[in-house]
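What you see is a predicted model, and the numbers here were worked out from it, not measured in a lab. Throughout, a chain's letter reflects where its sequence line sits, starting with A, and its residues are numbered from 1.
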Amino acid sequence: MRNQEIAKIFYEIANFLRIDGVDFKPYAYEKAAISLEALKEDVGDIYKKGGTKALLEISGIGKNLAEAIEEYLKNKKIKTFEEYKKKLPLKIDELLSVESLGPRKIKILYQKLGVKSLRDLEKVAKKHKVAPLFGFGEKTEKNILEGIKFLKTSQGRMSIGKILPIARDVVEKLKTLKEIKQISLAGSLRRKKETIGDADILVASDNSEKIMDYFISLPGVKKVWAKGDTKTSVRMEAGFDIDLRVVKEKSFGSALQYFTGSKDHNIATRKIAIDKDLKLSEYGVFRGESASWRMIAGKTEEEVYKAIGLPYIEPELRENEGEIEAALNNKLPKIIELKDIKGDLHCHSNWDGGKNSIEEMVKSAMDLGYEYIGISDHTKFLRIENGLDENKLLKQHEAIKKINEKFEKQKIKFRVLHGCETNILNDGSVDIKDEVLAQLDYVIAGVHSSLKMKKKQMMARIEKAMRNPNIDILAHPTGRIVGQRDEYQIDFDKILQLAKETGTILEINSSSRLDLRDIYIRRAKNERVKMIINTDAHKKEQLDLMEYGVSMARRGWAEKSDIINTNSVEGLLKYLK
DNA sequence: GCCGTTTTCGGCCCGACTGTTTTCAGTCG
């Protein structure tokens, strides 16, 4: 899609403009870039149909940007951008990612010292050429060097699965202090983004000093970056930072709303406040004139949203991706919750080299309050995973049947379903005979080999599998692994269309894959394609990963009815049939 | 550069902190 290419250029122009000291235009370019990215149709097609006039219909695109798009479509180049690249030949993204460096300082560094890249920056900072510059100084130079070091070691963001448990543990420990009146996670961690830069924790209290002292003494705290009254930042041994903020109880709700973000959501909510002659900040919602603001809300998020005329918006929806409009029209989705999940259908046992027996997995599933679990071991193509062949699968079928019979006798209302995770081979066939697949309760199929296939070939392969009537669920449909591996060459629109046509259920895999990702979940929901949230547990403890899949589903606006393992076992089996 | 049943001109979110100043610019969230 050319939309993404042009959006990227607009983002870069925005940065150039900032460095050039131009006000407001960067915001316009960025807004245009965002709406291009969100666009379903290719701008090229829109242009072909209606020329620049049609481009003006896109929000955030005016006369000039419509012409810029036209220019790109015609010559693959945008003059403004080319000129800026010559005028300011900098690796801007790289330099902006250094903590404490913004556009203004980058410009000075370029003009005075010729800094064009991270490497240049490191060189001049080490030679102490930065500190003497006007507006810089010793500390700034040191911060720059530390910023570079951080970028090199951590690459910025970690996956939510690594951070959330540690952050929650810190919250639990802080809760033991009687000075704390309220406490919550905030920021992207509360919005459950798949990767997290740093963790934010918000506390309501009148005694910040004691809380900060206790906080920096907690086990796992490696280094204290800064300790203040309202904010303290530490580096954890696990390799990420936690910011702890303390606010007054009367502002806890507005502060939580503010620190949860996202930034774009906050900008939108503040604009709504302004439209209503109100002011929204982290201290509350205020009415009046600048000389005499009167606080009308702030203690809880609910009352903050209510004061500006909105219903409560779940944190996972706060990305300014339409939730504001939905809230204004009372059309917010009732998004799925963890407690809606009645079972997990992608679980491995020790039959394929998983850690726990079927019985142990079943016991853990019962402890979670599930009504059923599906055992879906790997099949024979995956030698390294001890994949099961037809004979073993049939034997396993008998073993599971016996467990169910025992439960029935004991009047235990729990069902073990039998499936398997077959491999979609290069030609689109799967590695277990159809007559055996037909005997199972359900069949999962996934791509586990030849991941680098060209798009056309890969799609033909997946299409053939989805058209196999025995295959119910497409496992980890895009193949990505967070922070590790990008998706296969796929055409997601085509996958959605095939899912609709064949009734194939798309998996939301809760392991480190988090696949489908949130934006795809939202698209699937819009197309009324059914999904299932599974953990892909290879040991019983991993059944707890369900929360992450549910979080992605929530971020994708999925409701209970979009996810089939919110059904009771009868409803589920009917659906799978 | 975009946008508009208050506007085709004058807005564009808001506040704290840092480090550098001596009243504030730049950066961050």
Side-chain angles (χ1 to χ4, degrees), chain A residues 10 13-14 16-36 55-69 78 80 95-109 130-144 146-147 186-191 196-200 202 225-233 241 243-247 251 254-286 290 293 308 318 320 324:
Chain A
F10 282 0
I13 293 177
F16 276 129
L17 288 163
R18 283 208 178 85
I19 289 183
D20 217 11
V22 181
D23 283 330
F24 305 114
K25 280 192 196 183
Y27 183 61
Y29 273 93
E30 266 170 9
K31 252 172 87 174
I34 290 168
S35 62
L36 279 180
L55 297 176
L56 292 172
E57 298 295 310
I58 305 166
S59 88
I61 307 283
K63 187 171 158 290
N64 281 287
L65 293 189
E67 278 170 14
I69 293 171
I78 295 174
T80 323
L95 292 167
L96 277 175
S97 64
V98 178
E99 189 89 7
S100 81
L101 265 197
R104 297 296 166 100
K105 286 204 165 81
I106 289 174
K107 189 181 188 185
I108 296 171
L109 287 165
V130 173
L133 293 174
F134 184 79
F136 286 71
E138 292 296 330
K139 284 239 177 160
T140 307
E141 186 174 273
K142 200 167 147 248
N143 285 340
I144 287 172
E146 275 180 10
S188 53
L189 197 53
R190 183 163 178 245
R191 301 201 313 282
I196 309 291
D198 54 22
D200 293 293
L202 184 72
W225 295 118
K227 181 173 170 268
D229 280 346
T230 60
K231 180 183 163 183
T232 290
S233 303
D241 292 351
D243 285 353
L244 177 70
R245 296 165 199 274
V246 177
V247 298
S251 296
S254 44
L256 185 56
Q257 197 272 338
Y258 171 69
F259 287 117
T260 297
S262 68
K263 188 181 166 201
D264 289 335
H265 176 86
N266 287 351
I267 289 172
T269 49
R270 285 178 177 196
K271 276 185 185 159
I272 287 176
I274 292 168
D275 287 346
K276 294 189 187 313
D277 277 334
L278 301 168
K279 182 179 71 161
L280 169 61
S281 78
E282 56 264 49
Y283 296 104
V285 183
F286 299 88
S290 51
W293 291 109
I308 61 170
R318 300 183 197 170
N320 196 27
I324 303 280

How long is the span from the [atom1] atom in [X] to the [atom2] atom in [Y], to the nearest 0.5 Å?
{"X": "A:S100", "Y": "A:K105", "atom1": "OG", "atom2": "NZ", "result": "7.0 Å"}
{"X": "A:L96", "Y": "A:L101", "atom1": "CG", "atom2": "CG", "result": "8.0 Å"}
{"X": "A:K63", "Y": "A:L55", "atom1": "NZ", "atom2": "CG", "result": "13.5 Å"}
{"X": "A:D200", "Y": "A:K231", "atom1": "CG", "atom2": "NZ", "result": "8.0 Å"}

Detail all sub-3.5 Å separations between protein N/O atoms and N/O atoms belonging to nucleotides 6-10 of chain B.
none

Whole-angstrom distance between [N] and [M], as gauged at atom [atom1]:
{"N": "B:dG15", "M": "B:dG10", "atom1": "P", "answer": "24 Å"}
{"N": "B:dT21", "M": "B:dA25", "atom1": "C1'", "answer": "9 Å"}
{"N": "B:dT8", "M": "B:dC2", "atom1": "C1'", "answer": "12 Å"}
{"N": "B:dC17", "M": "B:dC12", "atom1": "P", "answer": "24 Å"}
{"N": "B:dG11", "M": "B:dT7", "atom1": "C1'", "answer": "10 Å"}
{"N": "B:dT27", "M": "B:dC13", "atom1": "C1'", "answer": "16 Å"}

For [Y], is there any backbone N or O sitting under 3.5 Å from a side-chain donor or acceptor partner on [X]?
{"X": "A:S233", "Y": "A:W225", "result": "no"}
{"X": "A:S262", "Y": "A:R318", "result": "yes"}
{"X": "A:T260", "Y": "A:Q257", "result": "no"}

Heavy-atom contacts, protein to nucleotides 22-29 of chain B, under 4.0 Å, summarised as B (base), S (sugar-phosphate only) or - (none) per nt, yield ----SSSB

Whole-Å distance separating the [atom1] atom of [X] from the [atom2] atom of [N]:
{"X": "A:K271", "N": "B:dC2", "atom1": "NZ", "atom2": "P", "answer": "15 Å"}
{"X": "A:I13", "N": "B:dC2", "atom1": "CD1", "atom2": "P", "answer": "12 Å"}
{"X": "A:D264", "N": "B:dC12", "atom1": "CG", "atom2": "P", "answer": "17 Å"}
{"X": "A:K63", "N": "B:dG1", "atom1": "NZ", "atom2": "P", "answer": "9 Å"}
{"X": "A:N320", "N": "B:dC13", "atom1": "CG", "atom2": "C1'", "answer": "12 Å"}
{"X": "A:I58", "N": "B:dG1", "atom1": "CD1", "atom2": "P", "answer": "17 Å"}
{"X": "A:I274", "N": "B:dC12", "atom1": "CD1", "atom2": "P", "answer": "7 Å"}
{"X": "A:R318", "N": "B:dC13", "atom1": "CZ", "atom2": "P", "answer": "20 Å"}

Report yes if some heavy atom in the side chain of [X] is under 4.5 Å from a heavy atom in the side chain of [Y]; otherwise report no.
{"X": "A:Y258", "Y": "A:R270", "answer": "yes"}
{"X": "A:Y29", "Y": "A:L65", "answer": "yes"}
{"X": "A:N320", "Y": "A:I267", "answer": "no"}
{"X": "A:E282", "Y": "A:V247", "answer": "no"}
{"X": "A:F16", "Y": "A:T80", "answer": "no"}

Using heavy atoms and a sub-4.0 Å distance, could you list which residues of residues 27-36 of chain A are near DNA chain B? By number, please.
-> A:Y27, A:A28, A:Y29

Would you indicate whether A:D229, at its atom CG, is surrounded by more than 12 heavy atoms from other residues, nucleotides or ligands within a distance under 6.0 Å?
-> no

Would you mind classifying the nucleic acid contact of [X] as base, sugar-phosphate or nothing, using non-hydrogen atoms under 4.0 angstrom?
{"X": "A:K25", "value": "base"}
{"X": "A:L65", "value": "sugar-phosphate"}
{"X": "A:I61", "value": "sugar-phosphate"}
{"X": "A:T269", "value": "nothing"}

Pair assignment for B:dT8, Watson-Crick or G-U wobble, requiring both distances under 3.5 Å = none

Compare side-chain N and O positions of A:T230 against OP1 and OP2 of B:dA16 and report whether any pair is under 4.0 Å apart.
-> no

A:N64 vs B:dG1: side-chain N/O to OP1/OP2 distance below 4.0 Å = yes

Using heavy atoms to find the nearest nucleotide of DNA chain B for A:G62 and A:S281 separately, return the residue whose nucleotide is more 5′.
-> A:G62

